Amino acid sequence: MPLLLSFAIEIAAEAGAVLMEHFEGDLEIATKSSPVDLVTTADKAAEALIVARIRARYPEHGILAEEGGNHAEGRMRWIVDPLDGTTNFAHAIPHFCVSIALWDEEGGRVGVVHDPVRGETFFARRGGGAFLESPRGPHRRLALRTGDDLGEALVATGFSYRRATDGAAGLREFTGLVPQLRGIRRAGSAALDLAYVAAGRLDGYWERHLSPWDTAAGAVLVQEAGGIVRRIDGGAWLPSEPSVVAANPRLLPRLVDALAAAGDPGR
Ligand code: IPD
Ligand code: CA
Ligand code: CA
(Lines give C-alpha, C1' and ligand atoms only; values in the text may rest on other atoms or scores of the structure.)
(Ligands and ions follow the chains in the order given, each with its own letter.)
Protein backbone atom coordinates (compact mmCIF):
# COMPACT_ATOMS: atom_id res chain seq x y z
CA MET A 1 0.00 0.00 0.00
CA PRO A 2 1.40 3.49 -0.82
CA LEU A 3 3.05 5.17 2.15
CA LEU A 4 0.84 8.26 2.34
CA LEU A 5 -2.31 6.13 2.41
CA SER A 6 -1.00 3.67 4.99
CA PHE A 7 0.17 6.60 7.13
CA ALA A 8 -3.29 8.21 6.96
CA ILE A 9 -4.95 4.90 7.91
CA GLU A 10 -2.53 4.46 10.82
CA ILE A 11 -3.09 7.91 12.32
CA ALA A 12 -6.88 7.67 11.82
CA ALA A 13 -6.84 4.42 13.82
CA GLU A 14 -4.71 5.99 16.57
CA ALA A 15 -7.03 8.99 16.78
CA GLY A 16 -10.02 6.63 16.83
CA ALA A 17 -8.50 4.87 19.86
CA VAL A 18 -8.18 8.26 21.60
CA LEU A 19 -11.87 8.94 20.91
CA MET A 20 -12.87 5.55 22.35
CA GLU A 21 -10.91 6.30 25.55
CA HIS A 22 -13.13 9.37 26.06
CA PHE A 23 -16.41 7.92 24.75
CA GLU A 24 -19.09 7.67 27.47
CA GLY A 25 -16.64 9.20 29.95
CA ASP A 26 -16.68 12.57 31.69
CA LEU A 27 -16.37 15.11 28.90
CA GLU A 28 -15.76 18.81 29.01
CA ILE A 29 -18.18 20.19 26.44
CA ALA A 30 -17.98 23.75 25.07
CA THR A 31 -19.79 25.55 22.25
CA LYS A 32 -18.23 27.19 19.17
CA SER A 33 -19.94 28.95 16.24
CA SER A 34 -23.46 28.58 17.70
CA PRO A 35 -25.07 27.14 20.85
CA VAL A 36 -25.49 23.78 19.05
CA ASP A 37 -21.93 23.59 17.66
CA LEU A 38 -20.02 21.54 20.26
CA VAL A 39 -16.40 20.71 20.95
CA THR A 40 -15.19 18.26 23.58
CA THR A 41 -11.93 17.21 25.19
CA ALA A 42 -11.96 14.24 22.82
CA ASP A 43 -12.01 16.38 19.63
CA LYS A 44 -8.98 18.28 20.92
CA ALA A 45 -7.02 15.22 22.09
CA ALA A 46 -7.57 13.37 18.80
CA GLU A 47 -6.60 16.42 16.75
CA ALA A 48 -3.44 17.01 18.82
CA LEU A 49 -2.36 13.44 18.10
CA ILE A 50 -3.03 13.68 14.35
CA VAL A 51 -1.31 17.06 13.97
CA ALA A 52 1.75 15.92 15.96
CA ARG A 53 2.06 12.74 13.87
CA ILE A 54 1.81 14.65 10.55
CA ARG A 55 4.26 17.33 11.65
CA ALA A 56 6.79 14.74 12.77
CA ARG A 57 6.55 12.68 9.57
CA TYR A 58 5.84 15.35 6.92
CA PRO A 59 6.99 18.74 8.30
CA GLU A 60 6.77 20.30 4.82
CA HIS A 61 3.04 19.52 4.44
CA GLY A 62 0.25 21.97 5.26
CA ILE A 63 -2.52 21.09 7.70
CA LEU A 64 -6.10 22.37 7.89
CA ALA A 65 -7.69 20.93 11.02
CA GLU A 66 -11.08 21.76 12.54
CA GLU A 67 -10.00 22.57 16.09
CA GLY A 68 -7.32 25.03 15.03
CA GLY A 69 -4.30 22.76 14.62
CA ASN A 70 -3.39 24.52 11.38
CA HIS A 71 0.08 24.55 9.98
CA ALA A 72 1.67 26.50 7.11
CA GLU A 73 0.46 26.01 3.55
CA GLY A 74 2.30 23.37 1.58
CA ARG A 75 1.99 21.82 -1.87
CA MET A 76 0.36 18.95 -0.01
CA ARG A 77 -2.31 19.76 2.55
CA TRP A 78 -3.92 17.47 5.11
CA ILE A 79 -7.58 18.24 5.84
CA VAL A 80 -8.56 16.81 9.22
CA ASP A 81 -11.73 16.36 11.21
CA PRO A 82 -10.58 14.59 14.39
CA LEU A 83 -14.16 13.81 15.43
CA ASP A 84 -16.99 14.06 12.91
CA GLY A 85 -20.24 13.52 14.77
CA THR A 86 -19.44 15.48 17.93
CA THR A 87 -23.10 15.92 18.89
CA ASN A 88 -23.59 12.13 18.75
CA PHE A 89 -20.38 11.67 20.75
CA ALA A 90 -21.44 14.16 23.42
CA HIS A 91 -24.75 12.29 23.78
CA ALA A 92 -23.05 8.85 23.91
CA ILE A 93 -24.53 7.85 20.54
CA PRO A 94 -22.04 5.46 18.92
CA HIS A 95 -21.98 6.99 15.44
CA PHE A 96 -18.94 9.19 14.74
CA CYS A 97 -15.60 8.95 12.96
CA VAL A 98 -12.17 10.38 12.24
CA SER A 99 -11.86 11.95 8.78
CA ILE A 100 -8.47 12.58 7.15
CA ALA A 101 -7.80 13.70 3.56
CA LEU A 102 -4.67 14.70 1.71
CA TRP A 103 -5.06 17.30 -1.04
CA ASP A 104 -2.58 18.43 -3.71
CA GLU A 105 -2.76 20.70 -6.76
CA GLU A 106 -4.59 18.00 -8.72
CA GLY A 107 -7.25 17.45 -6.06
CA GLY A 108 -7.94 14.74 -3.50
CA ARG A 109 -5.04 12.32 -3.24
CA VAL A 110 -6.01 10.25 -0.19
CA GLY A 111 -9.21 9.92 1.84
CA VAL A 112 -9.68 7.93 5.06
CA VAL A 113 -12.81 7.75 7.21
CA HIS A 114 -12.41 5.58 10.30
CA ASP A 115 -15.32 4.50 12.51
CA PRO A 116 -13.76 3.29 15.77
CA VAL A 117 -17.02 1.92 17.17
CA ARG A 118 -17.61 -0.58 14.36
CA GLY A 119 -13.92 -0.93 13.55
CA GLU A 120 -14.60 0.06 9.94
CA THR A 121 -12.04 1.96 7.88
CA PHE A 122 -13.05 3.38 4.49
CA PHE A 123 -10.03 4.39 2.44
CA ALA A 124 -9.15 5.52 -1.05
CA ARG A 125 -6.35 7.02 -3.05
CA ARG A 126 -6.60 8.85 -6.35
CA GLY A 127 -6.78 6.37 -9.22
CA GLY A 128 -6.57 3.40 -6.86
CA GLY A 129 -10.22 2.74 -6.00
CA ALA A 130 -11.98 2.88 -2.64
CA PHE A 131 -12.03 0.06 -0.08
CA LEU A 132 -13.51 -0.95 3.26
CA GLU A 133 -11.58 -2.79 5.91
CA SER A 134 -13.90 -4.26 8.49
CA PRO A 135 -13.69 -6.83 11.30
CA ARG A 136 -16.52 -8.70 9.55
CA GLY A 137 -14.61 -9.79 6.48
CA PRO A 138 -11.74 -9.29 4.03
CA HIS A 139 -11.03 -5.93 2.33
CA ARG A 140 -13.88 -5.06 0.04
CA ARG A 141 -13.71 -2.74 -2.97
CA LEU A 142 -16.43 -0.10 -2.74
CA ALA A 143 -18.96 0.77 -5.42
CA LEU A 144 -22.05 2.97 -5.32
CA ARG A 145 -25.56 1.63 -5.76
CA THR A 146 -26.59 1.98 -9.38
CA GLY A 147 -30.30 2.90 -9.31
CA ASP A 148 -31.54 6.18 -10.78
CA ASP A 149 -35.06 6.18 -9.31
CA LEU A 150 -35.60 8.67 -6.49
CA GLY A 151 -38.48 6.50 -5.25
CA GLU A 152 -36.03 3.67 -4.52
CA ALA A 153 -33.28 5.87 -3.07
CA LEU A 154 -32.21 6.04 0.59
CA VAL A 155 -30.58 9.45 0.99
CA ALA A 156 -28.86 11.18 3.93
CA THR A 157 -28.76 14.83 4.88
CA GLY A 158 -27.95 17.06 7.84
CA PHE A 159 -29.07 20.35 9.36
CA SER A 160 -26.31 22.87 9.87
CA TYR A 161 -25.21 24.56 13.07
CA ARG A 162 -26.48 27.79 11.47
CA ARG A 163 -30.00 26.40 11.09
CA ALA A 164 -31.54 28.79 13.62
CA THR A 165 -30.59 31.78 11.47
CA ASP A 166 -29.91 30.31 8.04
CA GLY A 167 -31.70 26.99 7.77
CA ALA A 168 -34.73 27.75 5.60
CA ALA A 169 -33.37 26.35 2.33
CA GLY A 170 -32.28 23.08 3.98
CA LEU A 171 -35.71 22.63 5.56
CA ARG A 172 -37.52 23.35 2.26
CA GLU A 173 -35.33 20.77 0.56
CA PHE A 174 -36.01 18.26 3.33
CA THR A 175 -39.79 18.63 3.22
CA GLY A 176 -39.73 18.62 -0.59
CA LEU A 177 -37.71 15.43 -0.83
CA VAL A 178 -39.31 13.36 1.97
CA PRO A 179 -42.32 12.31 -0.13
CA GLN A 180 -40.17 11.53 -3.19
CA LEU A 181 -37.56 9.23 -1.64
CA ARG A 182 -37.62 5.71 -0.19
CA GLY A 183 -36.20 7.23 2.96
CA ILE A 184 -34.08 9.96 4.49
CA ARG A 185 -31.47 9.50 7.21
CA ARG A 186 -29.98 12.19 9.46
CA ALA A 187 -27.36 10.19 11.31
CA GLY A 188 -25.09 13.09 12.40
CA SER A 189 -21.76 12.52 10.65
CA ALA A 190 -21.20 14.02 7.20
CA ALA A 191 -18.01 12.02 6.66
CA LEU A 192 -19.77 8.72 7.44
CA ASP A 193 -22.71 9.77 5.23
CA LEU A 194 -20.29 10.17 2.30
CA ALA A 195 -18.46 6.93 3.16
CA TYR A 196 -21.82 5.12 3.20
CA VAL A 197 -22.66 6.54 -0.24
CA ALA A 198 -19.29 5.21 -1.49
CA ALA A 199 -20.06 1.82 0.09
CA GLY A 200 -23.52 1.55 -1.50
CA ARG A 201 -25.31 1.71 1.86
CA LEU A 202 -26.91 5.01 0.94
CA ASP A 203 -27.88 6.12 -2.58
CA GLY A 204 -27.07 9.78 -2.02
CA TYR A 205 -26.35 12.61 0.39
CA TRP A 206 -26.78 16.36 0.45
CA GLU A 207 -26.13 19.11 3.00
CA ARG A 208 -25.46 22.85 3.24
CA HIS A 209 -23.05 24.93 5.36
CA LEU A 210 -20.31 22.32 5.61
CA SER A 211 -16.57 22.84 6.10
CA PRO A 212 -13.67 21.26 4.17
CA TRP A 213 -12.91 18.80 7.00
CA ASP A 214 -16.49 17.46 6.91
CA THR A 215 -16.36 16.50 3.24
CA ALA A 216 -12.80 16.19 1.87
CA ALA A 217 -12.06 12.55 2.77
CA GLY A 218 -15.59 11.35 2.03
CA ALA A 219 -15.52 13.02 -1.38
CA VAL A 220 -12.35 11.10 -2.34
CA LEU A 221 -14.12 7.88 -1.29
CA VAL A 222 -17.23 8.66 -3.36
CA GLN A 223 -15.23 9.63 -6.45
CA GLU A 224 -12.98 6.58 -6.25
CA ALA A 225 -16.04 4.34 -5.84
CA GLY A 226 -17.47 5.69 -9.12
CA GLY A 227 -19.70 8.46 -7.79
CA ILE A 228 -20.01 12.20 -8.40
CA VAL A 229 -19.68 15.02 -5.89
CA ARG A 230 -21.12 18.43 -6.74
CA ARG A 231 -22.42 21.60 -5.12
CA ILE A 232 -26.15 21.49 -4.39
CA ASP A 233 -26.79 23.65 -7.48
CA GLY A 234 -24.95 21.07 -9.62
CA GLY A 235 -21.78 23.20 -10.01
CA ALA A 236 -18.22 21.93 -9.58
CA TRP A 237 -17.34 20.98 -6.00
CA LEU A 238 -14.15 21.70 -4.06
CA PRO A 239 -13.54 21.15 -0.32
CA SER A 240 -14.01 24.90 0.20
CA GLU A 241 -17.60 24.69 -1.15
CA PRO A 242 -20.07 24.76 1.74
CA SER A 243 -22.78 22.71 -0.02
CA VAL A 244 -22.49 19.19 -1.30
CA VAL A 245 -24.53 16.56 -3.11
CA ALA A 246 -23.18 13.08 -3.88
CA ALA A 247 -24.65 10.12 -5.77
CA ASN A 248 -24.05 7.86 -8.75
CA PRO A 249 -23.80 9.63 -12.15
CA ARG A 250 -27.39 8.75 -13.17
CA LEU A 251 -29.09 9.58 -9.87
CA LEU A 252 -27.16 12.80 -9.21
CA PRO A 253 -28.89 15.00 -11.84
CA ARG A 254 -32.29 13.84 -10.55
CA LEU A 255 -31.31 14.70 -7.01
CA VAL A 256 -29.98 18.12 -8.07
CA ASP A 257 -33.23 18.85 -9.96
CA ALA A 258 -35.40 17.71 -7.04
CA LEU A 259 -33.37 19.86 -4.62
CA ALA A 260 -33.67 22.89 -6.90
CA ALA A 261 -37.44 22.41 -7.25
CA ALA A 262 -37.86 21.95 -3.47
CA GLY A 263 -35.64 24.89 -2.62
CA ASP A 264 -37.52 27.23 -4.99
CA PRO A 265 -41.26 26.81 -4.37
CA GLY A 266 -42.03 29.12 -7.34
CA ARG A 267 -40.34 26.80 -9.84
C1 IPD B 1 -20.93 17.92 11.78
C2 IPD B 1 -21.46 16.58 11.35
C3 IPD B 1 -22.95 16.67 11.05
C4 IPD B 1 -23.25 17.74 10.04
C5 IPD B 1 -22.67 19.07 10.47
C6 IPD B 1 -21.17 18.92 10.71
P7 IPD B 1 -18.94 17.86 13.59
O8 IPD B 1 -19.54 17.87 12.07
O9 IPD B 1 -20.78 16.13 10.19
O10 IPD B 1 -23.46 15.45 10.52
O11 IPD B 1 -24.65 17.85 9.90
O12 IPD B 1 -22.93 20.00 9.46
O13 IPD B 1 -20.62 20.17 11.06
O14 IPD B 1 -19.20 19.21 14.19
O15 IPD B 1 -19.58 16.75 14.31
O16 IPD B 1 -17.49 17.64 13.32
CA1 CA C 1 -17.38 17.62 11.03
CA1 CA D 1 -15.47 17.74 14.15
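This chain uses plain numbering: 1 for the first residue, then up along the sequence. Both ligands and their constituent atoms are indexed starting at 1 by order of listing. Model, not experiment: these values are computed from the prediction. FYI, side chains are in, hydrogens and waters are out, and symmetry mates aren't considered; it's all heavy atoms of this structure.
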Worksheet entry | His209 N/O to ligand 1 N/O under 3.5 Å | no
Worksheet entry | Parallel, tilted or perpendicular, as decided by the 30° and 60° cut-offs, for the rings of Tyr196 and Phe122 | tilted
Worksheet item: Which is it for Asp84 and ligand 1 at heavy atoms under 4.0 Å: side chain, backbone, both or neither?
Response: both
Worksheet item: For the residue pair Phe89 and Phe23, does the interplanar ring angle fall in the parallel (under 30°), tilted (30 to 60°) or perpendicular (over 60°) class?
Response: tilted
Practice prompt. Please confirm whether Thr87 comes within less than 3.5 Å of ligand 1 when only nitrogen or oxygen atoms on both sides are compared.
Written response: no
Worksheet, complete the sentence: Atoms of ligand 1 under 4.0 Å from any heavy atom of Leu210, numbered from 1 in the order shown, are 12 (O)
Discussion item. When you compare the side chains of Tyr58 and Glu60, does any donor N or O come within less than 3.5 Å of an acceptor on the partner?
Written reply: no
Practice prompt. Tell me, please, if Glu67 has any N/O/S atom, main chain or side chain, under 3.0 Å from the Ca ion (ligand 3)?
Written response: no
Worksheet entry | Leu5 side chain near Val112 side chain, heavy-atom distance below 4.5 Å | yes
Item to complete: Could you list the atoms of ligand 1 found under 4.0 angstrom from a heavy atom of Asp214?
Response: 6 (C), 8 (O), 13 (O)
Worksheet item: Has ligand 1 got any nitrogen or oxygen that is less than 3.5 angstrom from a nitrogen or oxygen of Ala191?
Response: no
Worksheet item: Who's the nearest protein heavy-atom neighbour of atom 14 (O) of ligand 1, and how far?
Response: Tyr161 OH, 2.7 Å
Fill in: Residue Asp214 atom name (nearest to the Ca ion (ligand 2); N/O/S)
OD1
Worksheet item: Less than 4.0 Å between a side-chain N and a carboxylate O, is that true for Arg136 and Glu120?
Response: yes
Practice prompt. Measure from the side-chain N and O atoms of Arg186 to the backbone N and O of Phe159, and report whether any donor-acceptor pair falls under 3.5 Å.
Written response: yes
Fill in: Geometric N/O contact Leu83 with ligand 1, under 3.5 angstrom
yes
Worksheet item: Parallel, tilted or perpendicular: which fits the ring planes of Phe131 and Phe123, with parallel below 30° and perpendicular above 60°?
Response: parallel
Fill in: Under 3.5 Å: N/O of Arg186 near N/O of ligand 1
yes
Item to complete: Indicate the atoms forming the closest heavy-atom contact of Thr175 with Arg172, along with that distance.
Response: OG1-O, 3.2 Å
Fill in: Polar contact flag for Gly158 and ligand 1 (N/O pairs, less than 3.5 Å)
no
Worksheet item: Rounded to the nearest 0.5 Å, how far apart are CD1 of Ile54 and CD1 of Ile11?
Response: 4.0 Å
Discussion item. Taking 4.0 angstrom as the limit and counting only heavy atoms of Thr86, give me the atoms of ligand 1 inside it, by number and element.
Written reply: 15 (O)
Worksheet item: Do we see a donor-acceptor contact under 3.5 Å between the side chains of Asp84 and Ser189?
Response: yes
Worksheet item: Once rounded to 10 degrees, what value does the angle at the Ca ion (ligand 2) take between OD1 (Asp84) and OD2 (Asp81)?
Response: 90°
Worksheet, complete the sentence: With rounding to 10 degrees, Glu66 OE1, the Ca ion (ligand 3) and Leu83 O define an angle of 160°
Practice prompt. Look at atom CD of Glu105 and say whether more than 12 heavy atoms of other residues, nucleotides or ligands are closer to it than 6.0 Å.
Written response: yes
Item to complete: Just jot down the ligand 1 atoms closer than 4.0 angstrom to any heavy atom of Ala190, in number order.
Response: 2 (C), 9 (O), 10 (O)
Practice prompt. Could you check which of Glu207, Arg208, Glu67, Glu66 puts a non-hydrogen atom nearest to atom 5 (C) of ligand 1?
Written response: Glu207
Worksheet item: What atoms in ligand 1 come closer than 4.0 Å to a heavy atom of Asp81?
Response: 16 (O)
Worksheet item: What residue among Arg125, Arg75, Arg109, Arg77 forms salt bridge (Lys or Arg N to Asp or Glu O under 4.0 Å) with Asp104?
Response: Arg109
Discussion item. Test of understanding: given a 4.0 Å heavy-atom threshold, classify the contact between Ser189 and ligand 1 as side chain, backbone, both, or neither.
Written reply: backbone
Fill in: Ligand-side contact atoms (ligand 1) for residue partner Gly188, heavy atom cut-off under 4.0 Å
2 (C), 3 (C), 10 (O)
